[in-house]
Amino acid sequence: MTTLTEERVCINRDRTERMAETGDGKKEDADYKRLQSFPLIRHTDMPEEMRVETMELCVTACEKFASNNESAAKMIKESMDKKFGSSWHVVIGEGFGFEVTHEVRNLLYMFFGGSLAVCVWKCS
Amino acid sequence: MSVSYKVGTVKSKQSPNVNTQPKAPVVKGVKTTGKKKDEEEGIDTADGEEWMQGKTLVKPPDQLDLTEEELKEEITRVLTANNPNAPQNVVRYSFKEGCYKTIVFVDQMAIHFELEGNLVHKESDEGRRLMAKHTEREDCGGDERLENVPIKPGKREQKVTNQFNFIDRASQTLNNLPREISCQTEPPPRANFSATANQWEIYDFYVEELQRREKSKEKQESQFPNKEEDRSKKKMIQAEAQSDDISQLAKPAKIIERMVNQNIFDEVAQDFMYFEDAADEFRGEKGTLLPLWKFQYDKAKGLSVTALCWNHIYSDLFAVGLGSYEFTQQERGMLLFYTLKNPSFPEFIFNTDSGVMCVDIHEQLSYLVAVGLYDGCVSVYDLRKKSDQPMYNSIASSGKHTGAVWQVKWQKDDLDSNHNFFSVSTDGRVVSWTLVKHEIVFTDIIKLPPVDKVPDDLKNVVATAGTSLDFHKQKDHHFLVGTEAGKIHKGSKYYSSKFLEMYDAHFMTVSCVRWNPFHPNVFISCGWDWMVKIWDHTINSPVFTFELKSSVTDVAWSPYSSTVFAAVTADGKVHVFDLSINKYEALCQQKVVSKKTRLLHIEFNPVHPIIIVGDDRGRVISLKLSPNLRKKPKEKKGQELPKGPEVEIAKMEQLLSSLR
């Protein structure tokens with residue numbers, strides 16, 4: 001993994017140094033993003049049905065409110081509250097660290113769109 | 001009746017409506033005359049002088065202006081009895097003919113004035129009532145009479161509105177005191193989770209996932225059939241997961257079943273634990289047996305109890321073997337395990353093809369159960385497994401008995417640490433069976449010597465049936481075999497050709513022979529010749545002999561005392577003896593089953609003071625021994641009572657020495 005990160009850092013440096021290759025670098029980035037825009041679950045302990053439903057909901061919300069994380073989070077939270085019971089919490093962002101206490105079998109942590117991380121958990 | 005005449009216009013209720021009517025039929029064109037009538041009426045009331053002064057004709061503003069000719073015109077006016085206001089062209093829908101029809105005959109009655117009077121006839125009910133009231137009032141007080149007269153109508157009016165006298169009566173019921181009950185449920189379990197969401201983490205994870213997917217694609221392309229396996233495996237896992245949900249209920253269901261049973265048989269459970277018959281103090285030596293639970297299984301009704309065995313590790317679990325002693329009625333058999341905690345239904349049920357004749361549970365490994373069947377097979381069941389089939393089964397080729405197996409006994413593991421057990425059967429062989437891996441291997445130990453009565457040439461053919469087998473508690477190699485002929489043979493595992501000793505025990509079949517659990521020399525035997533005999537194995541004749549009035553089917557030593565034993569007879573009685581207290585008579589002779597039911601087996605519980613007896617109807621009854629039957633030797637003042645098996649041995653020794 002570290003080698004890959006280094007690669008990416010190298011690519012970025014190359015971009016800044018060689019103006020001629022900036023176009024290629026951007027293309028590569030775009031490629032990566034295209035390849036990696038599918039929703040990917042990083043960690044979850046939800047049962048199968050719940051997981052699928054929640055994932056679909058997150059994808060829908062993020063696509064709908066691509067520019068506004070807060071609205072997306074609001075939509076996800078309200079839908080989860082209605083469907084699965086009260087007190088869900090949702091965090092959407094690109095760079096954050098967290099430690100949460102969640103009810104067992106009610107946590108979903110997934111990536112989406114290559115750069116977005118969504119964490120959904122229930123704790124009343 | 002002093003009813004004041006009221007002017008119609010003033011107080012009658014309906015009159016206001018009516019009074020408008022007489023004014024209405026005043027027809028148009030007669031207005032001038034009508035007006036004059038009013039004026040004439042005014043004559044009666046108003047002052048006459050005023051009218052006389054003014055004689056001018058007052059013309060109403062809306063009077064018709066007619067010419068003189070028209071004024072002179074004669075108009076005939078016909079007086080009819082018709083009501084000019086009645087409608088003349090009333091049309092009604094006739095349902096019979098389905099069309100509108102004119103109604104010719106119209107009601108012509110016009111009500112000009114209506115007045116409801118309040119005169120009441122003297123003779124009517126109300127009149128009489130009023131008269132009575134009137135006379136009442138006249139009786140009381142002369143001064144008030146005058147006042148009463150005008151007031152009466154007012155009062156009567158008040159009484160009319162309040163005909164019922166209301167009385168308010170209230171009471172407060174006893175309210176139960178409020179009581180607070182609160183309950184705290186367990187909250188759903190929580191867990192902590194922490195992670196970091198960074199761009200590089202996301203990127204790395206995606207790259208990993210892509211690599212994983214590529215790999216799995218390669219695998220899929222190369223190994224197609226594996227997919228199906230995976231699917232079936234997944235289905236298995238899913239099915240297991242589903243069954244887990246239901247099977248998770250099994251344990252709580254079992255606990256609830258036991259709780260319900262405990263509730264139902266609460267009194268019995270209390271008796272079992274705590275009841276000590278206080279009357280025993282007054283009975284002298286005698287004791288009683290208190291019936292506790294009855295264990296019965298529906299499907300076992302036609303079978304007799306052929307074997308009973310307590311589990312040594314779980315002292316509430318016992319095994320019941322069911323079969324039939326009748327030669328002609330051989331069908332199937334069952335092996336049931338009951339626990340005292342659930343008397344309604346057996347814990348384990350095993351069905352066998354032929355009747356079960358004997359059962360033994362291994363002392364240390366209480367899940368191993370050896371069973372001997374009527375058809376000569378022996379099987380070993382493993383209680384840990386949920387299947388109905390025995391773990392090991394001896395079949396015809398592997399040297400099974402050719403007759404019913406009457407007794408099986410587990411032995412200590414042999415040198416190869418294989419489990420083994422002994423069996424004795426009608427074919428006269430004592431066989432040792434060893435469980436080697438997945439098989440059962442037999443070893444003939446000894447063959448019972450033929451009976452004297454049998455002629456010499458048949459001695460090899462006719463076998464002596466062995467009916468009972470018991471191993472010495474301490475010297476494991478010594479064992480006793482009781483036979484159908486009434487003899488008891490003492491043998492040793494080390495000598496396979498000959499028996500060590502033979503005792504002429506009974507005239508008829510020996511039904512049971514057992515070593516004393518404490519004293520190394522003593523054993524007891526019982527037979528169908530109504531006798532129970534206690535022996536010292538060094539002496540050829542019995543030490544004690546008891547005659548019970550019916551054939552004795554089983555006898556057992558008690559685990560807590562070397563001098564207490566119990567016997568069951570075919571007439572349904574249980575006899576309990578304590579040799580240290582009474583050498584000649586039973587301390588308790590109690591009938592525990594109804595008529596015509598034979599008791600077949602008895603066993604003492606190793607821990608609790610209860611015995612179980614099995615009868616020929618598939619029932620097992622548990623009984624509690626009263627204190628008199630469980631007496632320990634009396635304490636001497638100042639001396640601590642020594643405990644342990646030595647005491648028991650000493651007791652027995654004392655007894656024996658007194659007889660020699």
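As the structure is a computational prediction, the values presented were derived from the model and not from experiment. In what follows, chains carry the letters A, B, and so on, assigned in the order in which the sequence lines appear, proteins first and then strands, with residues in each chain numbered from 1.
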Participant: Testing the basics here: between A:Y109 and B:T196, what is the closest heavy-atom pair and its distance to 0.1 Å?
Facilitator: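 Looks like OH-O, 3.0 Å.
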Participant: Judged by atom type as modelled, is there a donor-acceptor pair below 3.5 Å linking the side chain of A:E99 to the main-chain atoms of B:N192?
Facilitator: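 Such a contact is absent between A:E99 side chain and B:N192 backbone.
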Participant: If you count the non-hydrogen atoms of other residues, nucleotides and ligands that lie under 6.0 Å from NZ in A:K77, is the total more than 12?
Facilitator: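 More than 12 within 6.0 Å, yes.
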Participant: For A:G114 versus B:I202, what's the shortest heavy-atom pair and its separation?
Facilitator: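 A:G114 and B:I202 have their closest heavy atoms at O-CG2, 3.3 Å.
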Participant: How about A:H102 and B:R190: do any of their side-chain heavy atoms sit closer than 4.5 Å?
Facilitator: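 A:H102 vs B:R190: side chains apart.
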Participant: Should the heavy atoms of other residues, nucleotides or ligands under 6.0 Å from OH of B:Y314 be counted, would the total exceed 12?
Facilitator: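 Counting neighbours around OH of B:Y314, 12 or fewer heavy atoms of other residues, nucleotides or ligands fall under 6.0 Å, so no.
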Participant: Measure distances from A:L40 to the heavy atoms of chain B and classify the residue's part below 4.5 Å as side chain, backbone, both or neither.
Facilitator: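 Looking at A:L40, backbone and side chain both touch chain B.
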Participant: Which atoms of A:I92 are under 4.5 Å from chain B, going by heavy atoms: the side chain, the backbone, both sets, or neither?
Facilitator: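 Contact with chain B is absent: no heavy atom of A:I92 under 4.5 Å.
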Participant: Under 4.5 Å heavy-atom distance to chain B, tell me which part of A:F98 shows up: side chain, backbone, both or neither.
Facilitator: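 Contact with chain B involves both backbone and side-chain atoms of A:F98.
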Participant: So B:Y206 and A:F111, would you call those rings parallel, tilted or perpendicular, with 30° and 60° as cut-offs?
Facilitator: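 Because their plane-to-plane angle lies in the 30° to 60° range, the rings of B:Y206 and A:F111 count as tilted.
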Participant: Which class fits the ring pair A:H43 and B:F193: parallel under 30°, tilted 30 to 60°, perpendicular over 60°?
Facilitator: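 It falls in the parallel class, under 30°.
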Participant: For chain B, find which of A:E94, A:R105, A:K122 contributes the most heavy-atom pairs closer than 4.5 angstrom.
Facilitator: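 The answer is A:E94.
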Participant: More than 12 heavy atoms of other residues, nucleotides or ligands under 6.0 Å from CG of B:N176: is that the case?
Facilitator: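 Not buried by this count: 12 neighbours or fewer within 6.0 Å.
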Participant: Should we say atom CD of A:E70 is surrounded by more than 12 heavy atoms from elsewhere, each under 6.0 Å from it?
Facilitator: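 Counting other residues, nucleotides and ligands, CD of A:E70 stays at 12 neighbours or fewer.
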Participant: Under 6.0 Å from the CG atom of A:D81, do we count more than 12 heavy atoms belonging to anything else shown?
Facilitator: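 Yes - once you tally the heavy atoms of other residues, nucleotides and ligands closer than 6.0 Å, there are more than 12.
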Participant: For B:N263, is the CG atom crowded, meaning more than 12 foreign heavy atoms sit under 6.0 Å from it?
Facilitator: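 Yes, CG of B:N263 has more than 12 neighbouring heavy atoms, counting only those of other groups under 6.0 Å.
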Participant: Could you tell me which of B:S194, B:P188, B:A197 has the largest number of non-hydrogen atom pairs under 4.5 Å with chain A?
Facilitator: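 Ranked by contacts with chain A, first place is B:A197.
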Participant: Around B:K299, counting heavy atoms of other residues, nucleotides and ligands shown, do more than 12 lie under 6.0 Å from its NZ?
Facilitator: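 Not buried by this count: 12 neighbours or fewer within 6.0 Å.
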